[in-house]
Amino acid sequence: MAPTRNIGIIAHIDAGKTTVSERFLYYSGKEYRMGEVHDGNAKMDWQAEEQERGITITSAATTFQWKGATINLIDTPGHVDFTAEVERSLRVLDGAVGVFCGVGGVEAQSETVWRQANRYNVPRLAFVNKLDRVGAEFFRVVEDIAERLNCLTVPLAIPIGLESDHEGIVDLVRMVEVRFDETSLGADVIESPLSDAMRDDAELYRSELIDRLADVDEEVTEKFLEGEEISEELIVSAIRKGTLEQAFVPVLCGAAFKNKGVQPLLDAVVAYLPAPEDIPTVNGLDLKGETPIARKTTAKEPFSALVFKVHVDQHGELYYLRVYSGKLEKGKQVINARNGKKERLGNLYRMHSNSKDAIDMIQAGDIVAVTGLRFSGTGDTLCDPKKPILLEVPSFPDTVISMAVEPKSSSDRDKLFDQLTRLTREDPTFSLTIDDETGQFIMAGMGELHLEVIRNRLIREFKVEANIGNPRVSYRQTFVASASARARIEQELGGKEHVGEVALSVTLDPEVVGVDVAWGDTGLLPKAWQAALEESVHGCTYSGADLSFPFINLKIEVSIPEFTPQTTEIGLAMAVREAFRKAEATAGVHLLEPVMRFQITTPDDYFGAINQDLVRRRANIDQVDEVSGMRRLQGAVPLAEVFGYTTTLRSISQGRAAMSLEPIGFAPAPEKVAEKYRF
């Protein structure tokens with residue numbers, strides 16, 4: 001059986017991810033035409049929004065062959081508004097290629113996607129791209145990766161020339177010069193012995209490579225100490241070992257747009273990144289979420305797969321799966337481990353961006369798409385009904401921005417609601433609520449661009465005309481301090497006496513993303529009532545009496561001091577609300593505003609004006625450095641202060657500054673901001 005690699009391309013926006021992916025497809029023979037992002041004809045950027053904007057919005061999957069290996073590739077977005085696409089892709093990938101601009105180096109979203117890969121323990125290669133650009137510096141970027149991403153970097157290649165003189169690379173494993181014939185669009189790879197001009201640098205970095213390998217491989221250490229020749233096979237084996245153990249990150253280089261360095265990167269993917277069988281077990285839990293289960297990742301084990309993505313269009317829904325164990329034919333039945341519902345797999349497909357190739361069976365290691373699921377969504381586990389397992393669910397950030405949306409005609413209201421609801425199934429960072437006072441639909445997401453793309457999809461794909469309001473910040477609130485409260489209810493409703501007594505202990509915990517509910521002493525409380533009382537607690541935290549925003553960062557322990565025959569479920573629910581109101585009054589509340597991590601790169605001439613403008617916007621600038629003759633400012637700023645800031649930045653810098661934003665959490669808002677929202 002041919003070896004398999006499940007990999008993703010991850011990077012900051014405009015580092016060249018999709019260009020690298022397009023070269024992968026061209027040189028492997030999967031595509032006979034080289035698509036370009038700037039021409040709007042890249043195969044992996046197939047949505048109209050992506051082609052018009054020249055950015056990747058949704059992760060696209062494809063499968064191709066390279067030198068006897070099957071490579072399942074996912075090209076992920078680089079824009080922070082679509083970080084969920086990166087998150088769920090990395091959850092199911094075995095390895096990744098981080099692409100870095102040879103001029104910009106490690107940029108804001110580079111750090112974000114690297115942290116996401118760390119969270120899922122994904123081995124990586126790094127590719128320093130755009131070495132043909134003015135200001136490109138390979139070794140500075142390698143140092144930047146090591147310092148800012150806190151990893152050990154090991155160059156496997158060094159560039160031959162930079163900027164307009166960039167000709168190719170020196171392969172430090174085989175100690176040859178590699179160039180790429182321009183007349184064949186780089187398809188013909190030309191190797192030659194080391195020239196005198198490159199020999200000293202090559203030998204220096206080759207010796208550093210051997211030093212790094214000696215730290216992870218005893219055989220390399222022995223041969224190095226004894227002065228013996230170290231074979232190419234042993235070097236490759238040691239690099240693979242160090243990569244899989246994440247002892248270091250191998251670094252390659254080139255200029256994908258100029259068709260340089262891509263084939264050696266593909267060779268490195270096959271040689272150094274893990275195969276599915278290199279991860280011997282997949283870990284999960286039993287259906288109660290209590291007992292750990294480890295399952296071998298082979299086709300002989302019971303079937304298990306994770307739904308990591310749902311794509312919705314006017315024709316229906318397509319579910320993307322990573323199969324971890326077992327095998328299954330189309331039409332067979334599985335169980336959704338989260339909700340216990342039985343599902344039957346319809347058609348099975350290998351995806352090539354938005355094209356589908358039908359297949360009859362899937363097995364361990366596959367990344368495929370299926371139709372026919374009725375009760376499943378992102379993060380659900382599909383498994384053998386006789387051997388269930390609950391796999392780890394990808395984590396997604398809270399929304400930070402919302403907009404009101406309403407149909408242009410009343411006849412379209414139901415259609416608009418239906419399509420927005422479908423889109424919430426596709427995108428875990430998109431949510432929909434209905435305003436109790438106005439009846440408007442409120443859609444929330446990760447940024448202005450995110451919601452603008454949603455709106456355009458409604459019009460283009462689903463043919464629903466809608467009016468969109470101005471963006472609004474998605475504020476939160478939390479307690480100022482921990483608090484406890486107790487309440488007893490004795491009240492007649494509908495001719496029946498309702499009694500209940502509840503004690504709440506509310507603890508402030510910044511590590512809790514939303515609200516965690518735990519149970520203290522519940523006495524004789526029926527188990528069947530717990531779900532209803534927990535729902536009452538969450539109902540209290542959805543919005544407070546003083547500020548109408550959801551609570552976060554709270555742990556709430558619920559106790560039932562006294563349970564008598566007169567106690568009723570409604571009485572307890574009323575007591576929960578009263579106890580929470582008392583705790584809220586005792587502790588006091590903070591308004592929390594979403595805070596963004598920003599990175600701005602600007603020519604020195606505009607540094608002062610931009611710095612002053614950021615301070616005026618309540619920004620906290622914590623780092624300023626110089627990169628390739630440009631100033632780079634980094635820090636944190638409230639989201640409310642930077643709506644539409646890209647336009648302002650262009651005005652201040654005459655279009656020469658660039659900015660990226662990333663949500664990093666919530667922080668207490670000044671009282672003058674909170675006062676606007678108090679009842």
Side-chain angles (χ1 to χ4, degrees), residues 79-85 87 112 395-406 417 420-421 423-424 426-455 458 466-479 510-516 538-554 584 589-598 617-619 636-646 660-679:
H79 196 288
V80 66
D81 281 20
F82 310 106
T83 190
E85 293 287 334
E87 185 80 29
T112 302
S395 60
F396 300 106
D398 280 343
T399 59
V400 297
I401 185 175
S402 62
M403 293 181 181
V405 55
E406 54 187 19
F417 178 75
L420 286 171
T421 302
L423 288 172
T424 63
E426 174 183 290
D427 187 347
T429 58
F430 173 69
S431 65
L432 177 69
T433 57
I434 300 176
D435 189 293
D436 291 336
E437 294 182 5
T438 65
Q440 287 179 310
F441 299 138
I442 306 296
M443 58 181 191
M446 299 306 299
E448 293 177 79
L449 178 59
H450 185 196
L451 296 184
E452 186 179 335
V453 168
I454 294 284
R455 179 197 63 186
L458 286 170
N467 295 316
I468 308 293
N470 293 324
R472 299 185 295 188
V473 175
S474 293
Y475 290 102
R476 300 288 189 271
Q477 61 179 326
T478 194
F479 281 19
E511 297 300 316
V512 176
V513 175
V515 175
D516 281 351
H538 285 294
C540 295
T541 62
Y542 182 74
S543 63
D546 196 23
L547 294 164
S548 58
F549 300 106
F551 281 92
I552 61 172
N553 305 147
L554 298 181
E584 182 181 21
V589 296
H590 275 315
L591 177 69
L592 300 177
E593 59 184 354
V595 177
M596 311 295 285
R597 181 79 183 169
F598 69 84
R617 295 172 184 270
R618 297 193 283 126
V637 63
L639 172 62
E641 298 288 350
V642 286
F643 277 150
Y645 191 62
T646 301
S660 61
L661 293 168
E662 172 198 357
I664 56 173
F666 291 84
E671 186 57 32
K672 65 179 181 180
V673 175
E675 282 301 322
K676 298 177 185 177
Y677 299 99
R678 293 193 189 279
F679 288 114

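Residues: numbered from 1 along the sequence shown.
- Ala640 approaches Tyr475 most closely through the heavy-atom pair CB-OH, 3.9 Å.
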Between Thr433 and Tyr542, does a side-chain contact (heavy atoms from CB on, under 4.5 Å) hold up when you go through it step by step?
CA-CA 12 Å; Thr433 57; Tyr542 182 74; 3.9 Å; yes

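- For the atom pair CG (Asp516) and CD (Glu511), the distance works out to 11.5 Å, reported to the nearest 0.5 Å.
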Note to self: Set out, in order, the CA-CA distance, both residues' side-chain angles and the distance that settles side-chain contact (heavy atoms from CB on, under 4.5 Å) for Val589 and Gln477, then state yes or no.
What the structure shows: CA-CA 7 Å; Val589 296; Gln477 61 179 326; 3.8 Å; yes

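- When the options Arg618, Arg617, Met596 are evaluated for a side chain to side chain contact (heavy atoms under 4.5 Å, CB included) with Pro638, the one that passes is Arg618.
- Side-chain N or O atoms of Asn553 include one that pairs as donor or acceptor with a backbone N or O of Val512 at under 3.5 Å.
- Nearest approach of Val513 to Ile552, heavy atoms of both residues: O-CB, 3.4 Å.
- When all heavy atoms of Ser402 and Ser474 are compared, the pair lying nearest together is N-OG, 3.7 Å.
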| query | Which is it for His450 and Phe430 under the side-chain contact (heavy atoms from CB on, under 4.5 Å) test, yes or no, and what are the steps along the way? | reply | CA-CA 9 Å; His450 185 196; Phe430 173 69; 4.3 Å; yes

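- One distance of note links OG1 of Thr399 with CG of Asp427; it measures 10.5 Å at 0.5 Å rounding.
- Residues Ile664 and Phe598 are not in side-chain contact: their nearest non-hydrogen atoms beyond the backbone lie 4.5 Å or more apart.
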- Verdict with reasoning, Leu451 to Met443, per side-chain contact (heavy atoms from CB on, under 4.5 Å): CA-CA 8 Å; Leu451 296 184; Met443 58 181 191; 4.2 Å; yes

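- The minimum heavy-atom distance linking Glu675 with Glu671 is given by the pair OE2-OE2, 2.6 Å.
- Counting all heavy atoms, side chain and backbone alike, Leu591 lies closest to Ala674 at CD2-CA, 3.5 Å.
- Remark: aromatic rings of Phe479 and Phe551 are close, center separation under 6.0 Å.
- Across every non-hydrogen atom of Phe666 and Pro594, the tightest pair is CD2-N, 3.5 Å.
- Tyr645 has its side chain out of reach of Val637: every pair of non-hydrogen atoms, C-beta onward, lies at least 4.5 Å apart.
- Take Phe643 and apply the ring-ring contact (aromatic ring centres under 6.0 Å, His included) test, not counting sequence neighbours, and it matches no residue.
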